[in-house]
Amino acid sequence: MIPDKFLKPYNPQETEERIYNLWEESGFFDPNSLPTERYTQSTTIPLNAKRFSIVMPPPNVTGVLHMGHALMLTLEDIMVRYKRMRGFKTLWLPGTDHAAIATQARVEKDIYKAEKKSRHDLGREEFLKRVEAFAKESHDTITSQIRVMGASCDWSREAYTLDEKRSLAVRTMFKMMHDDGLIYRGHRIVNWDPKGQTTISDDEIVYEERKTKLYTFRYSKDFPIPIATTRPETKLGDVGVAVHPDGKWKQYIGQTFEIPDFAGISLSIKIVGDSAVDPEFGTGAVGLTPTHSFTDWEIAGKHNLNKELVVINERAKMTDKAGPHSGKKVAEAREAVVAWLKTEELLEKEEEVAHNIATAERTGGVVEPLPKLQWFINVNEPIAEREGKTLKDLMREAVQSGDIKILPDHFEKIYFHWIDNLRDWCISRQIWYGQRIPVWYRKKAKGKNQNAKLEEEEIYVGVEAPEETGWEQDPDTLDTWFSSGLWTFSTLGWPEKTKDLEMYHPTDVLETGYEILFFWIARMVLMTKYALGSVPFRTVYLHGTVRDGQGRKMSKSLGNGIDPIDVAKKFGTDAGRMALIVGNTPGTDMNISEDKIRGYKNFANKLWNIARFVVENTKGEALEEGFSGYTERDAKLREERHAMFIDVTKDMEAYRFYMAAEKLYHDAWHTFADKILEESKKILKSGTPEEQKSRRQLLLHTLDKLLRALHPFIPFVTEEIWQLWKQPSAKDGMLMVAEWPISESL
RNA sequence: GCGCGGUUAGCUCAGUUGGUAGAGCACUCGAUUUACACUCGAGAUGUCGCAGGUUCGAGUCCUGCACCGCGCACCA
């Protein structure tokens, strides 16, 4: 009568993998395979019908899952399981991200450690083989770990940002944007990472505050304006000085000073007036180094100053333009210039200041601004097909109009602020692992002249390579966020017009960490509004960072990390999921400790014993639909549960999962178990037959509904109890596809 | 510099539209062998950062301040 299993404590280790396999083999992760009677009748294209879709933010194939992934997977699985139980044809599409620069950097490091070889020693082809092997292994680990988390995603639709279909989408998008004049190749100052030997976007920069020296000097004895700088070595590339048009130096505007000897080279310094200069700050004048400073490049452009004088190269060494300093590292050149200024008595002041230096997010290299020929996306170009709006406009209006809602909503302000400050997006990278830029070049003799010096370059931009010979593809790859930007629709089959695309796009929710709001969310809005004219998702749910018990970031060096797979082994996935959800509001960082997780392991066992009690005390009696013989007391208890479920459903609809989880936890443990089960002991022992019958039905009813409501949060233990208790004869009887405890639509 | 968030019980945090402060952990006392020791019952603990204001009533709304954290910009 009572399954023996109930006589022992709940054992997640024995249960979870078996239950996951049961779900996966049922095929119900694929919305097309959901039981027809509940799911397909009401669902037709186009998609005003009951369907729900989430595309999983693809974990990077750089290693293993961490607690942040566990939180993401739990939140998404809760939404997906909830909607599925509510009768929505539900798709959760999983995938992984090649994470170009991150993966390449990781593999380069490994290879260097083991073999003392660089990627150049191996060559492009061999190196890519190594990266792919690493990515494959990492992928396999990650996808099996996603299964351990209980994620009910549709593996039959799994995607990779670098697989064939996604590559086609990327090339198609590149061509479209190029044809519309949104992608251009330009010689501009970019962020160069000397360590990674590649350009990076503005968003890939991390500022670090360091102490540095601020030097105030003059180019020569008779130069009238003192100049301050933290980088004396770049002054070898100065072509001018900018002062405020109405400031104290305005009398010099328009003059050019020839400096025959500045630390061994000659300079020609023109004084220009520009309102970008703050007359109150520093000396009220800025030495202009157009090739090694973003603002100087802009100012130089406005005043037609020389933008060719490059004194630092890609290896962060001085070029031959630096005269006697040529070949020196920047730090050495800095010392040399400072020493020279001292000897010549041109150094007026030397002070210690706190200074933000730009470093590359992935490699930690100190970013060197350099002018280079790169590919960019123009965010300020009006697009004819989009009513003359710019990409910035499209990003802004998607949120302004309310088509996209961001939770918590204060991130909307941060989003707008970012757009306001956005510059053209540099999308070309000098790394090997990634989407190769779909551009080909061919040298062509100009006119009839056969002189090789008069060749000009032809450019071909296409989805496929040109058929004629003689073309060479651009060696660069695309910023990984270019392919990520297409994720919601490239995964559904775009550029083909697939049924999936029609059915599941726009997706309903994009759930991810707030730290990639700009990197990813904004880029998805950009790409989707441009390519499809629609938004990629309706709601953005941003979760916070998972920290340790004391609120510290989890890190390898601190050794305070909690591994979600260890949690699953030690306490069960359900316990870990519950611990991540209760008390976790969107946008707020949360702390998690083993103590907290242990508490929810106990909860799973509590639920297990509640079920045991109910099964033991109802002796095989079935739950009777429409039973009407409840006593007054039991009818009231039933009503209270119903009200609680309505309350919880409202929380679910409003994305208050932390609250729904806590209410269910409290109701199951401290009301159902502590009060209702306790008083049932007396009733079932000494009540009238009517009272006993009523109470048995109440117990069956309440357990049934509680299991349903708790399933999205703790899917394994609820399904296991359900299977043991109900012993469904067909897979349709699984809790995973059972109805949510209430049917009211709220 | 501009902007955002936080400040509530010893700890970690909830508190949806203003109506006599909540949870988990920790703590104290007690219970118990037929659902569960991965247990049960009882209990203690907070001038809700500070100062004003609006209101019959403020943890909740408004203003100012302090401290902590974050984003962006500047970074000559």
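Note that the coordinates shown come from a computational prediction; the quantities given were computed from them, not determined experimentally. Protein chains get the first letters and strands the later ones, always in sequence-line order, with residue 1 at the start of each.
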Under 3.5 Å, which N/O atoms of the protein pair with N/O atoms of nucleotides 43-45 of chain B?
none

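- Minimum interatomic distance between A/Tyr415 and A/Met395 (heavy atoms only, all atoms of both residues): OH-O, 2.7 Å.
- Classification of A/Lys392 and A/Asp420 as a salt-bridged pair fails, no side-chain N sitting under 4.0 Å from a carboxylate O.
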Tell me, for nucleotides 2-21 of chain B in 5' to 3' order, what letter each nucleotide earns: B for a base near a protein heavy atom under 4.0 Å, S for only sugar-phosphate near one, - for neither?
-> --SS------SSSSB-----
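- For A/Thr229, the side-chain atoms get nearest to B/A76 when compared with the rest of B/C38, B/A73, B/A76.
- Checked against a 6.0 Å centroid threshold, the rings of A/Tyr600 and A/Phe571 do not count as neighbours.
- For A/His670, a side-chain nitrogen or oxygen approaches OP1 or OP2 of B/G24 to under 4.0 Å.
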Under 4.0 Å protein heavy-atom contact, by nucleotide of nucleotides 62-68 of chain B - B base, S sugar-phosphate only = -------
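- Partners of A/Lys570 under the salt bridge (Lys or Arg N to Asp or Glu O under 4.0 Å) rule, at least two apart in sequence or in another chain, are A/Glu594.
- Relative to the six-membered ring of A/Trp725, A/Arg612 misses at least one condition, a distance below 6.0 Å or an angle of at most 45° to the axis.
- Helical stems in RNA chain B, defined as runs of 3 or more consecutive Watson-Crick or G-U wobble pairs with both donor-acceptor distances under 3.5 Å, are listed by first residue as B:1-7 with B:66-72, B:10-13 with B:22-25, B:27-31 with B:39-43, B:49-53 with B:61-65.
- Centroid-to-centroid, the aromatic rings of A/Tyr665 and A/Phe603 come within less than 6.0 Å.
- A salt bridge links A/Arg231 to A/Glu368: one of the charged nitrogens lies within less than 4.0 Å of a carboxylate oxygen.
- In terms of phosphate contacts, A/Trp669 brings a side-chain nitrogen or oxygen within less than 4.0 Å of OP1 or OP2 of B/C40.
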Protein N or O to nucleotides 27-30 of chain B N or O, pairs below 3.5 Å:
none

